[in-house]
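So the structure is just underneath, and the comments pick up after that.
Below, chain A is the first sequence line, B the second, and so on; all start at residue 1.
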Amino acid sequence: MFKPVNSNVNFPEMETKILGFWKEKGIFEKVAESRKGAPEYIFYEGPPTANGNPGIHHVLSRTFKDVIPRYWTMRGFHVPRKAGWDTHGLPVELEVEKELGLSSKTEIEKYGIAEFNERCRKSVFRYLKEWEFVTERIGFWLDLKNAYITMDNSYMESCWWIIKQLWDKGLVYQGYKVTPHCPRCGTSLSSHEVALGYKDDTDDPSVHIKFKIVNGGTGGSREVKSAVNMAPGPVYLLAWTTTPWTLPGNTGLAVSPEAEYALVETGGEYLIMARALLDSSLTGEYTVLNTFPGAGLQGLRYEPLFDPWADIPGTSKPCLAVRRQQTADKETNPVITGDFVSTDDGTGIVHIAPAFGEIDFETGKTHNLDLVETLDLQGKVCGPFPGFDGLFAKAADPVITEDLRSRGLLYRSGRITHTYPFCWRCSTPLLYYAKSSWYIRTTAIKDRLIACNREINWFPEHIKQGRFGDWLENNVDWAFSRERYWGTPLNVWRCERSAEHGNACGGAPDYFECPGSLGELRDKPGFSGLPEPLDLHRPFIDGVTYYCPECGGIMRRVPEVIDCWFDSGAMPVAQWHYPMENADNFKKNFPADFICEAVDQTRGWFYSLHALSTLLFDRPCYKNVICLGHILDAKGEKMSKAKGNVIVPATVLNSQGADALRWYLVTAAPPGNVRRFSTEQVTEVVRKFMLTLWNSYSFFVTYANIDNFDPAVNRVRNLDVSLDRWIVSELNRLVVKVNEELESYDPTTAARRIEEFVDRLSNWYIRRSRRRFWKSENDADKMAAYSTLYQCLVTLIKLIAPFTPFIAEEIYQNLERGSDPASMESVHMEAYPSADVSLIDEQLNADTELAMKLSSLGRAARSKANTRVRQPLARALCRLRREEERQAFARIKEQVMDEINVKDLEIMNEEGAVLEYEVKPNLPVLGPKYGIKMGEITRLLKAADARKIAWDLRTRGEASMGDFTLLPQELQVLTRGKGGYAVAADGDIIVALDTVISPELAGEGTARELVHLLQTMRRSAGFDVTDHINTCYSADSETGRVMEQYAEYIKQETLSLSLVAGTAGEGAYSETHRLGGVEITLAVKKTG
RNA sequence: GGGCCAUUAGCUCAGUUGGUUAGAGCACAGUCCUGAUAAGACUGGGGUCUGUGGUUCGAGUCCACAAUGGCCCA
């Protein structure tokens, strides 16, 4: 006996019960245990940060992260599922800053780094419970107990080891470069972090500035100089910028050497700029006085807008860094040429501030421009600039603009909206400026990064050459240091003397060492300053010093910590504390077979894993990667707290359940696409898939129990009913396909196929087999039906187990575990189904397709004739063109007759009465043969008499039209129902119904109608399916006659022991209906 | 400004190497079927396959450009 199944199932409740079962029996651990020693399939968990609530997009990635490992586990592999947590970095610090009300690094340091970091440590796991809850609730099996945690000493020590490896290869350097800098966070951002924070529609100033040309300089072509000298007033170079705050740092102007420039007079002023941009830049009428190539401007000098060297009381002095680059040539502020100058926008003259832009900086180096740094690390202006000294850069913009206006140096000012980068965590506008930072020289291995990427399978595939490939092609060195507090400290120590005494130490300007482990550090001469208990974080590690081996000076750690993307990219190594321990584990678990994250990780984790793996081991870190698209709300908008359109996983999990959500996430859209999420669609999954499956299961259990079906005893191996052989064939074909698709990382197509199978199982196999289950004798056919359905169900639940682990477990426990004590304790310990291809019968599958098609057409024809299916009809005719179909006809005839309730079904011979013809060109054949003449042929065919052509083709083997003689294979003769109301057609196939209803047929129809009424009444009366009843009726004489004629049939169908005319007795359930225009009253009563 | 992806019915998605009448499901309306079903069947309305050019005898499919949305990069 199987456990009875309630067809009114509550999935969330069922799932909770299964969760309890897994927990109580330790199923997850047992599954892992059962695969010990099996070949490894390696999955890496990309560590989330648990300082915020998990959202629906996390459920998406966690579902895919679960399906694939579950699949490979069932395929017999041992799949470790070590959890991980990302704990360092700016996001964490930011939360704490908010809590403490701190707003700058100075305030953090005043508060105390030790205390600050302690707060960070605590805040990291604030939402750990929610994360663990969601992870468990959705059935994502993850080894949470042995999670790797990036802030552990052991983890950080492994990071040190990695840095040391790179250091020894000369791949780590300190560079003075322009970096995007967040003035609020006070640190540089790596390029992948910058990528996270671009905002369109940023409103910024747009100013055109006049730079006054100094007469009598040495540069400029003769032509230009004479033009400038001959102008009646001062001549200005017109430049455009959106960042006025960079203007005090201006030390050069760049022009395009090839472009044409013009000297114009406008409003009494004399301006030089690119000719192509005159109309878009100038506000009024203008006259072009001269034109010359940009190269001619090279070497002109202009007056600086500000003097950063000035000594003005009450202002900061000097600027932070003011470097006069030129030694020989004292003249400053030159016009230079550069290929980067475009004449697409602006004025064709680009203002260069070497401290504030990558191109600017490089240009400054090339042309020996002065470097003037007028901002401190908080983004405040610093320098002899009364009025805006001390202001935040962006706040200084209007002041600077006003100042220039008052001095007549502003030509025009307005606003512009464009895209600008902001800090991805705190939304402060980023400022680009030159400063020192630690780099990993990834450009040195760029070719290897690209080559290793070739070995990776990306899903979707376009990421490989597209987004990720491009990223690698444009690789820049990884700026991996952060001037912050809560992160893995950079393990570089520097000799104090090198800075204090110039070249005093070892002859080098700076002497650095990079100890690669705690042990190595402890072994340094004079090591001291590390307190117990051990904590490698700041500020404790900052106190560690030792003696410089070169000069005996004090070695101190540099102040930086490392990028948290480095942490997560280090996980293949650091999760094992390799190489300090677990060398075996590391080797066994590297590289990964599979990882999965959303597309935003191409520059994040996907990159940091790939880069570190290539740097360290010269090989890719992962073999297969599913890259998921983002989730939008039902309207296609991004989910955000601000919009209030965030869907919390718990709401869906509580109402529809985890299986439904998982199935939806897998099947609804291709994984790589963006997708809209709405709970209505999850509900649809419940109705369409989950309930159909559940009801098939519940149907099976109900009847199997009535008949005491025992799969162990009643297993039928040789099926001779074609319906059974068909569904088994479909099942095995499904198993082949699903395996193929899962092996190629396409769970979506696999699941969609399963969905289709469930539909066929329920709506064709079970529906058509229903009568076999009701038969009162336990004959062989009935057992074959049970056995087949049982086999389908137990195979099916194993197929779906990776996708919907709960319902699979629930059904497994009842159907398989419940009847076979030798079965596994959980469905997830089972082997994934493998197909028996000998059971796949393509012919049979095609036959059944045809039967379905004919049945569908038959019903369509009935619908047109307005004849209900319950009313039997004498005859149907069908038209089949293809030889295979005509052969299949004999095999499926009975099925179709039964489906559309006709007494006879024949292939039609004389078609004229019900059909009309159409002749069409067979394009794939005719096209290549006739090419450009096709148009004419098509026209001729349309005009021709289709019936005649069909006749000619059949009798003469060809047909002629105009100049053309066409052969049968070049044309298609289509036929369709001729206006007749009982004909339905689809392409070649036609079904026509004989709609004449004889009195006998009418009587039979009435009998079936009566059975239907009584069945419905049984249900309304609340009888059990197996209850026997007594039935009474009062009806007109005609109906009474039918009752008598079909008494045996009616009694058998409705389990009536008696069927008598008369009024109902005490306690009977009675209903009155209209049947064929007359009123009848029926009454049913349970016996005994 | 550049790159990648998407755009097919009101909604969610299929659409194989270019080939004849572009399909499902949901939703809506009507009819039917039902002794597992919250299901199913049939019919109907609903599509200039985002647009414009091009290649071709023939384009949802290939090419170019553009638009919208998303992501990424400057």
Among [options], which is the nearest nucleotide to the side chain of [X]?
| X | options | value |
| --- | --- | --- |
| A/Arg676 | B/A36, B/U12, B/C13 | B/U12 |
| A/Leu691 | B/A38, B/C5, B/G40 | B/A38 |
| A/Asp600 | B/U37, B/C72, B/A6 | B/C72 |
| A/Arg603 | B/U37, B/C72, B/G70 | B/C72 |
| A/Gln681 | B/C11, B/A36, B/C5 | B/C11 |
| A/Arg770 | B/C13, B/U34, B/C5 | B/U34 |

In Å, rounded to the nearest 0.5 Å, how long is the span from [atom1] of [X] to [atom2] of [Y]?
| X | Y | atom1 | atom2 | value |
| --- | --- | --- | --- | --- |
| A/Phe11 | A/Ser655 | CZ | OG | 13.0 Å |
| A/Ile766 | A/Thr692 | CD1 | OG1 | 10.0 Å |
| A/Arg772 | A/Lys782 | CZ | NZ | 11.5 Å |

Separation of the [atom1] atoms in [N] and [M], to the nearest angstrom:
| N | M | atom1 | answer |
| --- | --- | --- | --- |
| B/U31 | B/U68 | C1' | 41 Å |
| B/U50 | B/A9 | P | 8 Å |
| B/A29 | B/A39 | P | 14 Å |
| B/A64 | B/G3 | P | 11 Å |
| B/C65 | B/C49 | P | 22 Å |

What contact category does [X] fall into here, base, sugar-phosphate, or nothing, at under 4.0 angstrom with non-hydrogen atoms?
| X | answer |
| --- | --- |
| A/Thr602 | nothing |
| A/Phe700 | nothing |
| A/Arg752 | sugar-phosphate |
| A/Thr1054 | base |
| A/Pro460 | nothing |

Each stem that RNA chain B is part of, given as range with range (3 or more consecutive Watson-Crick or G-U pairs, under 3.5 Å):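 Consecutive-pair runs (3 or more) involving RNA chain B: B:1-7 with B:67-73, B:10-13 with B:23-26, B:28-32 with B:40-44, B:50-54 with B:62-66.
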
Side-chain donor/acceptor contact of A/Ser855 with base of B/A41 under 3.5 Å: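 Such a pair does not exist between side chain and base.
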
Find the distance [X]:[atom1] to [N]:[atom2] and express it as a whole number of Å.
| X | N | atom1 | atom2 | result |
| --- | --- | --- | --- | --- |
| A/Leu60 | B/C71 | CG | P | 15 Å |
| A/Asn901 | B/U34 | CG | P | 10 Å |
| A/Phe606 | B/C72 | CZ | P | 13 Å |
| A/Tyr765 | B/A39 | OH | P | 24 Å |
| A/Arg675 | B/A6 | CZ | C1' | 13 Å |

N/O-N/O pairs, protein side and nucleotides 23-27 of chain B side, under 3.5 Å:
residue: B/G25; atom: O2'; partner: A/Glu684; partner atom: OE2; Å: 3.2
residue: B/C26; atom: O4'; partner: A/Glu684; partner atom: OE2; Å: 3.3
residue: B/C26; atom: O3'; partner: A/Arg687; partner atom: NH2; Å: 3.1
residue: B/A27; atom: OP1; partner: A/Arg687; partner atom: NH2; Å: 3.0

A/Glu461: partners by salt bridge (charged side-chain N to carboxylate O under 4.0 Å, His left out), with sequence neighbours left out: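 Testing A/Glu461 for salt bridge (charged side-chain N to carboxylate O under 4.0 Å, His left out), a comparison that skips the adjacent residues, returns none.
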
Contacts of A/Arg767 that satisfy salt bridge (charged side-chain N to carboxylate O under 4.0 Å, His left out) - sequence neighbours left out: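 Testing A/Arg767 for salt bridge (charged side-chain N to carboxylate O under 4.0 Å, His left out), a comparison that skips the adjacent residues, returns A/Glu899.
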
List the residues meeting ring-ring contact (aromatic ring centres under 6.0 Å, His included) with [X], not counting sequence neighbours, and say none if there are none.
| X | result |
| --- | --- |
| A/Phe699 | A/Tyr703, A/Phe773 |
| A/Tyr790 | A/Phe700 |
| A/Phe606 | A/Trp458 |

RNA chain B contacts made by residues 461-470 of chain A, counting heavy atoms under 4.0 Å: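 Contacts with RNA chain B under 4.0 Å: A/His462, A/Arg467, A/Asp470.
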
RNA chain B: 5'-proximal contact among A/Val674 and A/Leu1055 (nearest heavy atom):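 It is A/Leu1055 whose nearest nucleotide is closer to the 5' end.
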
5'-most by nearest nucleotide on RNA chain B - A/Tyr697 or A/Val599: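 Residue closer to the 5' terminus by nearest nucleotide: A/Tyr697.
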
Reference residue A/Leu693; test side-chain contact (heavy atoms from CB on, under 4.5 Å); the match among A/Leu761, A/Asp659, A/Leu796: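 In the set A/Leu761, A/Asp659, A/Leu796, the residue that makes a side-chain contact (heavy atoms from CB on, under 4.5 Å) with A/Leu693 is A/Leu796.
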
Any residue meeting side-chain hydrogen bond (donor to acceptor under 3.5 Å, both in side chains) with A/Ser744, in chain and number order, not counting sequence neighbours: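 Partners of A/Ser744 under the side-chain hydrogen bond (donor to acceptor under 3.5 Å, both in side chains) test: none.
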
Any residue meeting side-chain hydrogen bond (donor to acceptor under 3.5 Å, both in side chains) with A/Gln895, in chain and number order, not counting sequence neighbours: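 side-chain hydrogen bond (donor to acceptor under 3.5 Å, both in side chains) list for A/Gln895, sorted by chain: empty.
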
Residues forming a side-chain contact (heavy atoms from CB on, under 4.5 Å) with A/Ile450, sequence neighbours excluded: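 With sequence neighbours excluded, A/Ile450 shows a side-chain contact (heavy atoms from CB on, under 4.5 Å) to A/Lys446, A/Arg454, A/Leu472, A/Glu473, given in chain and number order.
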
Residues in side-chain contact (heavy atoms from CB on, under 4.5 Å) contact with A/Asp898, at least two apart in sequence or another chain: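 Partners of A/Asp898 under the side-chain contact (heavy atoms from CB on, under 4.5 Å) test: A/Arg768.
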
